[in-house]
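Working notes for the structure below.
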2 protein chains.
Amino acid sequence: MNSKTKAKYEARARIIKAMSHPTRLFMVDELSRGERCVCKLTEMVGDDISTISKHLSVLKTAGIVADERRGTRVFYSLRVPCVLAFFSCVESVLKANARELAALAR
Amino acid sequence: MNSKTKAKYEARARIIKAMSHPTRLFMVDELSRGERCVCKLTEMVGDDISTISKHLSVLKTAGIVADERRGTRVFYSLRVPCVLAFFSCVESVLKANARELAALAR
DNA sequence: TGGCCATTTGGTAAAATGGCCAATAAATGA
DNA sequence: TCATTTATTGGCCATTTTACCAAATGGCCA
């Protein structure tokens, strides 16, 4: 792979990597139903707020979410709706995996 | 998050994580155009064959690729075609990021 | 069988990641 | 201004990931 091609795949991998953590994936899923403040996400996940904030900054750096401060709160929202396509595809991989397991057990 | 919900997002994150590396992403892209032997992928990427083999085993464990031995070679292929949806979405995130940068520069 | 490829596995060191606590910041309201 | 609420950042440590080399394995064919 030449360095240009490598850079291309590195840029893409960074975005995917940003979603490759259960907490971040959960938050993306949650944000797909509307904007949420950090406090709400913290409450839902149950980790320390500093942990949540860092996860959100990973998503923001990748360009997946946007943030907006209103008063003392910061609201996050999904910046690109298509990330949901990830979910349906991941779903079919999981289904294929389950089928495979069932076939092996037979 | 209760433990059941957590397990659900962990399973999904594992699949996404498997694709969150530039080399693995490149290989998924390449495999979308047809099966390839380890030797071919090694040649294309230019890393040590043991490194390539380990990356492939990550993709295989996640259920993204399948392998088949034919003679002395092992051929890998994409198991679930929809992973390509990842690429088009990642593309739009990158585009949105580029637009953002352009807007800031204005 | 023995040799030869292609691939996988084991071991190891360097780097990146994740999560908590403490400190800092930003906006609000008394 | 000062206290409060909400969020971000820095420091620290444990864990995970990555990539390489060397060694082991698997399958083919003379």
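Everything numeric here is computed off the predicted structure, so don't read it as measured data.
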Exercise. Rounded to the nearest 0.5 Å, what separation is found between the CZ atom of B/Arg99 and the NZ atom of B/Lys95?
Worked result: 8.0 Å
Exercise. Quick one: does A/Lys6's side chain get under 4.5 Å of B/Pro22's, heavy atoms only?
Worked result: no
Problem set entry | B/Phe86 and A/Phe86 aromatic ring geometry - parallel, tilted or perpendicular at 30°/60° bounds | tilted
For this session: Classify the ring geometry between B/His55 and B/His21 as parallel (under 30°), tilted (30 to 60°) or perpendicular (over 60°).
Result: tilted
Any N/O pairs under 3.5 Å between the protein and nucleotides 26-30 of chain D? List them or say none.
none

For this session: Return the value, rounded to whole Å, for the distance between atom CZ of A/Arg14 and atom P of C/dA16.
Result: 13 Å
Exercise. To the nearest 0.5 Å, what is the distance between CD (B/Glu43) and CZ (B/Arg36)?
Worked result: 11.0 Å
For this session: If C/dC4 has a Watson-Crick or G-U wobble mate with both distances under 3.5 Å, name it; if not, just say none.
Result: D/dG27
Problem set entry | Spacing of A/Lys60 atom NZ relative to D/dA7 atom P, expressed in whole Å | 14 Å
For this session: Please state whether the phosphate of D/dT6, meaning OP1 or OP2, lies under 4.0 angstrom from any side-chain nitrogen or oxygen of A/Tyr76.
Result: no
For this session: Calculate the interatomic distance between B/Met27 atom CE and C/dT7 atom C1'; express it in whole Å.
Result: 14 Å
Problem set entry | A/Asp67 CG to D/dA7 C1', straight-line distance once rounded to whole Å | 11 Å
Seminar exercise, completed: For B/Arg12 and A/Val90 the tightest heavy-atom approach is CG-CG1, 3.4 Å
Exercise. Under a 4.0 Å N-O cut-off, is there an ion pair linking A/Glu100 with B/Arg79?
Worked result: yes
Exercise. Please give, in whole Å, the distance from C/dT8 C1' to B/His55 NE2?
Worked result: 14 Å
For this session: Would you sort out whether A/Asn2 and A/Thr5 count as a side-chain hydrogen bond (donor to acceptor under 3.5 Å, both in side chains), showing the intermediate values?
Result: CA-CA 6 Å; A/Asn2 62 49; A/Thr5 306; 2.8 Å; yes
Exercise. Whole Å only: how far is the CD atom of B/Glu68 from the P atom of C/dT7?
Worked result: 13 Å
Problem set entry | Between C/dT7 (C1') and B/Leu41 (CG): distance, integer Å | 13 Å
Problem set entry | Listed nucleotide nearest any side-chain atom of A/Asp48, set C/dT8, C/dC20, C/dT7 | C/dC20
Give me the distances for all protein-to-nucleotides 12-17 of chain D N/O pairs that come in under 3.5 Å?
residue, atom, partner, partner atom, Å
D/dT17, OP1, B/Lys17, NZ, 3.1

For this session: Taking only the side-chain heavy atoms of B/Ser50 (C-beta and beyond), determine which of C/dC21, C/dT7, D/dC21 contains the nearest atom.
Result: D/dC21
Seminar exercise, completed: Between CD1 of A/Ile49 and P of D/dT8 the distance, given in whole Å, is 7 Å
Problem set entry | Considering all heavy atoms, the nearest A/Asn97-B/Gly63 contact | OD1-CA, 3.3 Å
